[in-house]
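Both ligands and their constituent atoms are indexed starting at 1 by order of listing.
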Amino acid sequence: MSYEFILVNPQIVPFVATIQLNRPKELNALNLQLMGEIRHALETFDADDSVRAIVIHGNERAFAAGADIKQMAGRTAVDMLQIDQFSTWDSIRRTKKPIIAAVSGFALGGGCELTMLCDMIVASETAQFGQPEINIGVMPGAGGTQRLTRAVGKARAMEMVLTGNFISAQEAKEAGLINKVVPVELYLDEAVKMAQKIAEKSPIAVQLAKESVLKAFDTGLQEGLYFERKNFYMLFATEDQKEGMNAFIEKRKPEFKNR
Ligand code: HXC
């Protein structure tokens, strides 16, 4: 499939794919088609054995400045309900392979929410994160009030959501929203390096580990621990577990086969 608003590279380095948001003039504002394209690309990569980790990025000026305000402005509540854009977001959230957001410039509104849908965030020193929906008479709708609050705590989430203030990459790092801050010329490389490191591991172990960490958002501790335990036991049914442990004992590098 060819895409209009994203650029995909299924193999920027072995086993790592990238998706670049590509509406630069509109600061990568997330219209419905762009989100559908991201969903399609992620589903394609999820089904492709030659992809083990995915990096989503924008350009230096913007990761994404939010949902496309021009597309939304005239909509009614019934339109919004019937368009049901969040089923696309829900499918993105169900991607089995790890996704790293590489962020430079603006990550605002839906853009900030998209980074939080990813599993890790690497940012350039110029990145700014914010939920400015309050400035245009609405509020976050794609998880901002929930994921941001879990990531940075009530005080900072309230401030960002109620005042619309942005936070810098450094503040986002200190607050626990993101993983790393690097100079702008390195943010994409650094995210790809992180993805590459994950891609060296057993893909089945990575998938179940990701699923287990995400479970912590949806469950109480005891239920989460049972879920984790089942996934942990299940990995002992894989060839990759035998290979990983034997390689350690034999002092060699493991060769994982995703089996
Ligand atoms: C549509 C957008 C846009 C957006 C920027 N543009 N953000 N178009 N939707 N979210 C367009 C501008 O209209 C402009 O187009 C061009 O991109 C460049 O933007 P400028 O405003 O000229 O740039 P600048 O002065 O540098 O300001 C950058 C900015 C500002 C601070 C990021 O653009 C801004 O405040 N954008 C809106 C941020 C926002 O409110 N996001 C939340 C959206 S609601 P022209 O044609 O004039 O050149 C949301 C809900 C999510 O995300 C929940 C559902 C998924």
Side-chain angles (χ1 to χ4, degrees), residues 4-7 19-42 56-95 99 101-118 121 123-152 156-172 177-178 184 187 217:
E4 187 177 349
F5 296 124
I6 60 172
L7 301 169
I19 298 175
Q20 178 173 18
L21 282 53
N22 190 34
R23 294 185 76 201
K25 281 200 205 103
E26 294 83 7
L27 305 184
N28 293 330
L30 305 169
N31 63 20
L32 296 176
Q33 187 182 332
L34 189 156
M35 291 308 298
E37 290 181 2
I38 293 178
R39 170 194 191 161
H40 184 275
L42 288 171
I56 298 186
H57 64 105
N59 53 52
E60 268 186 37
R61 186 164 176 224
F63 176 80
D68 189 329
I69 299 168
K70 292 165 193 165
Q71 192 176 53
M72 279 185 303
R75 299 238 204 264
T76 65
V78 174
D79 293 336
M80 294 299 275
L81 188 73
Q82 289 177 343
I83 289 167
D84 185 26
Q85 63 180 313
F86 297 120
S87 63
T88 300
W89 289 71
D90 292 342
S91 326
I92 292 174
R93 156 77 170 69
R94 284 193 295 272
T95 305
I99 309 173
V103 179
S104 179
F106 300 113
L108 305 178
C112 186
E113 289 168 310
L114 181 58
T115 69
M116 291 189 285
L117 215 55
C118 297
I121 304 171
S124 88
E125 287 163 344
T126 63
Q128 297 188 73
F129 296 83
Q131 298 288 164
E133 291 91 339
I134 202 79
N135 296 333
I136 53 169
V138 289
M139 58 174 275
T145 63
Q146 303 304 299
R147 292 199 179 91
L148 185 67
T149 306
R150 282 166 166 78
V152 306
R156 201 180 287 255
M158 278 291 187
E159 187 178 335
M160 289 171 71
V161 170
L162 300 186
T163 68
N165 285 350
F166 303 165
I167 58 172
S168 68
Q170 196 52 45
E171 287 170 310
L177 179 63
I178 69 173
V184 65
Y187 77 99
F217 286 87

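The presence of a protein heavy atom under 4.0 Å from atom 40 (O) of ligand 1 is confirmed. There is no protein heavy atom less than 4.0 angstrom from atom 20 (P) of ligand 1. Using a 4.0 Å threshold on non-hydrogen atoms, atom 30 (C) of ligand 1 does not count as touching the protein. Remark: atom 26 (O) of ligand 1 lies closer than 4.0 Å to at least one protein heavy atom.
Protein heavy atom in closest approach to atom 33 (O) of ligand 1: Leu27 CD1, 3.8 Å. Here the protein heavy atom with the shortest distance to atom 9 (N) of ligand 1 is Ile69 N, 2.9 Å. Summary of contacts: the protein heavy atom closest to atom 55 (C) of ligand 1 is Trp89 CZ2, 3.6 Å. Distance from atom 24 (P) of ligand 1 to its nearest protein heavy atom, with residue and atom name: Arg61 NH2, 3.8 Å. Residue, atom and distance of the protein heavy atom nearest to atom 38 (C) of ligand 1 are Ala65 O, 3.3 Å. The nearest protein atom to atom 45 (P) of ligand 1, hydrogens excluded, is given as Lys70 NZ, 4.0 Å; this is a heavy-atom distance. Atom 2 (C) of ligand 1 has Glu26 O, 3.9 Å as its closest protein atom, hydrogens excluded (heavy atom only).
Neither the backbone nor the side chain of Val138 comes within 4.0 Å of ligand 1, counting heavy atoms alone. Counting heavy atoms under 4.0 Å from ligand 1, residue Lys25 touches it through the backbone alone. With a heavy-atom cut-off of 4.0 Å, Met139 does not touch ligand 1 at all. Heavy atoms of Ala67 found under 4.0 angstrom from ligand 1 belong to the backbone as well as the side chain.
For the 3.5 Å distance criterion, the side chains of Ser168 and Glu171 qualify, holding a donor opposite an acceptor. Looking only at atom types and distance, the side chain of Asp79 has a donor-acceptor partner in the side chain of Thr76 under 3.5 Å away. Side chains of Glu125 and Gln170: no donor on one and acceptor on the other come within 3.5 Å.
Every heavy atom of Gln131 sits 4.0 Å or more from the atoms of ligand 1. Under a 4.0 Å heavy-atom criterion, Ile136 is in contact with ligand 1. Residue contact annotation: Met35 has no non-hydrogen atom under 4.0 Å from ligand 1.
Within ligand 1, counting atoms from 1 as listed, the ones closer than 4.0 Å to a heavy atom of Leu108 are 32 (C). Those atoms of ligand 1 with a heavy atom of Pro132 less than 4.0 angstrom away are 39 (C), 40 (O), 41 (N). In summary, the atoms of ligand 1 found under 4.0 Å from a heavy atom of Phe86, numbered by their order in the structure, are 54 (C), 55 (C). Residue Glu113 has at least one heavy-atom neighbour below 4.0 Å for each of these atoms of ligand 1: 51 (C), 53 (C). Here is the list of ligand 1 atoms found below 4.0 Å of a heavy atom in Gly110: 49 (C), 51 (C), 52 (O). The atoms of ligand 1 that sit less than 4.0 Å from any heavy atom of Glu133 are 44 (S), 49 (C), 50 (C), 51 (C), 52 (O).
With Thr145 contributing its side chain and Gly141 its backbone, the two residues share no donor-acceptor pair below 3.5 Å. In this structure, Arg75 contributes its side chain and Met80 its backbone to no donor-acceptor pair below 3.5 Å. Using modelled atom types, one side-chain atom of Glu113 and one backbone atom of Ala142 make a donor-acceptor pair closer than 3.5 Å. Using a distance-only test at 3.5 Å, with no hydrogens or angles considered, a donor-acceptor pair links the side chain of Glu37 to the main chain of Phe5. A donor-acceptor pair is defined here as one N or O able to donate and one able to accept, closer than 3.5 Å; no such pair exists between the side chain of Gln128 and the backbone of Gly105. Asn28 places no side-chain N or O within donor-acceptor distance of the main-chain N or O of Gly58, the cut-off being under 3.5 Å. Ser124 places no side-chain N or O within 3.5 Å of a backbone atom of Val184 that could act as its donor or acceptor partner.
For the residue pair Ile56 and Cys118, the shortest heavy atom distance occurs at CD1-SG, 4.3 Å. Taking each heavy atom of Ile6 and Leu21 in turn, the nearest pair found is CG2-CA, 4.3 Å.
For ligand 1, the polar-atom distance check against Ala29 finds no nitrogen or oxygen pair separated by under 3.5 Å.
Under the 4.5 Å side-chain criterion, counting only non-hydrogen atoms from C-beta, Arg156 is not in contact with Thr149. Between Thr126 and Glu60 there is no side-chain heavy-atom pair separated by less than 4.5 Å. Leu108 is not listed as a side-chain neighbour of Phe63, based on a closest heavy-atom distance of 4.5 Å or more.
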